[in-house]
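Each chain gets a letter, A, B and so on, in the order its sequence line appears, and its residues count up from 1. Since we're looking at a predicted model, the values are computed, not measured.
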Amino acid sequence: MKFHLVTTEAKHERFLRLLAKDESWVVGFDTEAVGPARRYSKARDKPFLNMGYAALQGFSIALPNEEVFYYPLRHRKQNAKWRWAEAAWEALPLSVWAHNVKFDSRLMEQEGFNIDGVEWLDSMLAAWLHYGRNSEISLKYLAKEVLDRESPEWQGSLIDKTGAEVLEYVCHDALNTLQLGEYLWEKLTPRLRKTLGEVETPFAVELGRMEARGIKLDLEKLEATMGTLADGNLTTDQAEWDELTDIIPGDPGSYISPNSAKQLQEFFLDGTWVERGTTSTGAFKTGKDTLEYNEKNAQTETGRRLAELCLRIRAAKKVKGTYLDGFYEEMRQWPDRRIHAELHQLVARTGRLSSSNPNIQNQLARGEYAPFLKQCYVADEGELFVSADYAQIELRLFAELAGGTLLQAFLDGVDLHQRTADALAESREDGKKFNFAFLIYGGGPGKASREFGWTFTEAKEKIAAIAAEYPEAQAFREKVITRVLRRAPVPFVRTKAGRLRWVPELRPNEWKVRDPEAYQKKHDYLIKEYKIDPYEEVQWGDFAGWLAVDRAMRMSGERIAVNTIIQGSAADLAKLGMVNFAREADRSLMRIVTMVHDEVLCSSFSGAAQSCAKLLKQHMEQAGPFMGYSVPILAEPQIGKTWFDVHG
DNA sequence: GGAATAGGCGCC
DNA sequence: AAAGGGCGCCTATTCC
């Protein structure tokens, strides 16, 4: 390997000559950036750059002949000319490997480099797809594991370093990226190569753009509307609460805080409230379900009123803390004072997106405060929001995979939530709830009896009734589990796009031996969550002789297996739809703002809103047949000035 | 005093 | 008792 620091025209020209020699070359690419750290609400060991103030320090390009060129741009002493860097960038071949394309593509675009001609390939995503894990895929880790190469140690910031001082480090990274990419490409199945190249990597580029553009939130209006409402509610509710909880009149220390589960125990002990189960630590539950029950069923008028007040005060405080104070802290750290939520492609085990700082995926959708919040997400000047939701996407995919009358129902346009409701003799709302919890997620009678207020026996009967109504649903679950269980040594499932999730829970006894630490973690979680005696053995049924905790683990694995196929495949579908939309959309007219699992929020210049809506609907729906589904996939777009106007 | 945990709750 | 999947963030409390 040979590392070149491009500080002279001769070096630059050597790079261009080498690149021109072989048009089929694929390169490895890595950027270096400097800037202030992003402020986090929770402390992190390594706070990431605040991209709003970050700058490109230089970039390195590795060639297949193991020559690597570094273009220093903002270093002490000698740098390359920006003209050379631009020419080098333009001369790159079509395919470029980078480790974390979301970052590199965003930084390059932010610095004014045109990235449209690049077909990125992300070696981090390749490792994720190949190994089916979302940790231990850092460049450093993989360079050691796959290439048996130690990365040079690095200390401190690049800001005060010369190009020569960082040369070895940055060139290693680009070369490792290229060689890792080539290695993983050989390992990937044809389907996963397609997923990497045509969906996940282009999706990463779009995520970078979504993060960079951010979303405008009218915080002043939010304070004036939602904030004022919450303050008003809090003042009156808190006053009444204080009066009712002033156990020793005149002694402020005798008040009970609605947010303190510990202090609220008092109300169960003195009979004010009726208990509804205990937490893992043995305390009475004080959550929403318990309090809603007490709102109706507490013994005294005071008890009922206190339950209601407690819920109202908690809601108001949550709104103030999360959606007013929290948002201010987030927005204040960006030069444009917008919301720049981070969107994570590799966090959720099913392949869904996750979001943080702030979490843009938990914006209020129902309740007293919801309209005010979403009305304050406003399209930019001269633009309109265009948003489309996939209709019942997970239930459709479940029906597709289960087939039979379930699939036929969708083909015939039957309302499945109503059908379930009829079979249960309950409301459509409860039919919908039931479909999710017990058809897709595999919930049991205990949960159902609590959720719907049935006795345990009733719940068992109702679940049996639904199983009879949709025999293919149970058959599908069993087929999946039987098939997945045969995969040894570690059972795994695949989503429609071929993404992998290991499900060691399905074979607890083997997991225990192979990876005691990971097993123990899940073991501990289960015994705590479900209050299982760790030594209890199952006496009867299919699992006789097993530890009860292992049976719980196995059943958890069964739910994970089925759900990952459904939820993960829905994520695959949404990503494909977004990538195809983004590729066809004219970026000077329209863009994706964010996505919330089955909803894609776009912004478009007002005059182009109709065509944006049409294009969005077309690509979101076409993703269905592209992925081989026969069940109708529907996405209905709406146009409006605020997120509230286009939602639901 | 800061870090970690628990309980709780927002979303799909 | 046969237990719903996937996330992130807040406050209160406890630990060190």
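Considering only side-chain N and O atoms, A/Lys317 lies nowhere under 4.0 angstrom from the phosphate OP1 or OP2 of B/dC9. Using a 4.0 Å cut-off, some side-chain N or O of A/His647 falls inside it from OP1 or OP2 of B/dC12. Dashed line: the shortest gap from a side-chain N or O of A/Ser355 to OP1 or OP2 of C/dG8 is not under 4.0 Å. Listed pair A/Ser257 / C/dT11 fails the phosphate criterion, with no side-chain N or O lying under 4.0 Å from OP1 or OP2. A close approach under 4.0 Å does not occur between any side-chain nitrogen or oxygen of A/Ser260 and OP1 or OP2 of B/dG7. Checking the phosphate oxygens (OP1, OP2) of C/dG8, no side-chain nitrogen or oxygen of A/Ser356 falls inside 4.0 Å.
Atom NE2 in A/His597 sits about 10 Å away from atom C1' in C/dG8, given to the nearest Å. Distance, A/Glu458 CD to C/dA1 P: 18 Å, rounded to whole Å. A/Arg554 has its CZ atom 18 Å from the C1' atom of C/dA1, to the nearest Å. In this structure, A/Asn359 atom CG and C/dC10 atom C1' are separated by 12 Å, rounded to whole Å. Atom CD1 in A/Ile360 sits roughly 14 Å away from atom P in C/dG8 (whole-Å rounding). Between A/Leu547 atom CG and C/dA2 atom C1' the separation is 16 Å, expressed in whole Å. As a whole-Å value, the separation of A/Phe436 CZ from B/dC12 C1' is 8 Å. Between A/Arg366 atom CZ and B/dG10 atom P the separation is 9 Å, expressed in whole Å.
Taking the ring axis of A/Tyr629 as reference, the NZ or CZ atom of A/Lys496 stays within 45° of it and closer than 6.0 Å to the ring centre. Judged by the 6.0 Å and 45° rule, A/Arg133 forms a cation-pi pair with A/Tyr131.
Checking side-chain atoms of A/Thr564 against main-chain N and O of A/Gly568 turns up no donor-acceptor pair under 3.5 Å.
Checking C/dG6, C/dT11, B/dG10 against the side-chain heavy atoms of A/Tyr323 singles out B/dG10 as nearest. Distances were taken from every side-chain heavy atom of A/Ala365 (C-beta onward) to each of B/dC11, C/dA3, B/dG7; the shortest belongs to B/dC11. Among C/dG6, B/dG7, B/dC11, the nucleotide with an atom closest to any side-chain atom of A/Ala261 is B/dG7.
Looking at heavy-atom distances under 4.0 Å, A/Ile440 makes no contact with the nucleic acid at all. Looking at heavy-atom distances under 4.0 Å, A/Ala437 makes contact with a base. Across all strands shown, A/Lys320 has no heavy atoms under 4.0 Å from either base or sugar-phosphate atoms. Nucleic acid contact class of A/Val347 (heavy atoms, under 4.0 Å, all strands): sugar-phosphate only. Note on A/Arg551: a base of the nucleic acid sits closer than 4.0 angstrom, heavy atoms only. Backbone-only contact: A/Gln263 has heavy atoms under 4.0 Å from sugar-phosphate atoms and none from a base. Among the atoms of the strands shown, only primed sugar atoms or phosphate atoms (P, OP1, OP2) are found under 4.0 Å from some heavy atom of A/Lys262. As judged by a 4.0 angstrom heavy-atom cut-off over every strand, A/Lys447 is placed among the base-contacting residues.
Closest approach of A/Gly577 to A/Ala623, counting heavy atoms only: N-CB, 3.8 Å.
Residues A/Glu368 and A/Asn233 have side chains that bring a donor and an acceptor to within less than 3.5 angstrom of each other. Side-chain polar atoms of A/Lys522 and A/Ser556 form a donor-acceptor pair below 3.5 angstrom. Counting only N and O atoms by type, the side chains of A/Glu223 and A/Thr228 include no donor and acceptor under 3.5 Å apart.
Side-chain N/O atoms of A/Arg352 and base N/O atoms of B/dC12 include a donor-acceptor pair closer than 3.5 Å. In terms of polar N and O atoms assigned as donor or acceptor, the side chain of A/Lys318 comes within less than 3.5 Å of the base of B/dC9 in a complementary pairing.
When the ring-ring contact (aromatic ring centres under 6.0 Å, His included) test is applied to A/Phe543, the partners found at least two apart in sequence or on another chain are A/Trp546.
A/Tyr441 qualifies as a stacking partner of the C/dG5 base, centre to centre under 5.5 Å and near-parallel within 30°.
Residues from residues 558-571 of chain A with heavy atoms under 4.0 angstrom of DNA chain B: there are none.
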*side chain to side chain contact (heavy atoms under 4.5 Å, CB included) between A/Gln392 and A/Phe410: does it pass, once the steps are laid out?*
CA-CA 10 Å; A/Gln392 303 175 45; A/Phe410 269 121; 3.8 Å; yes

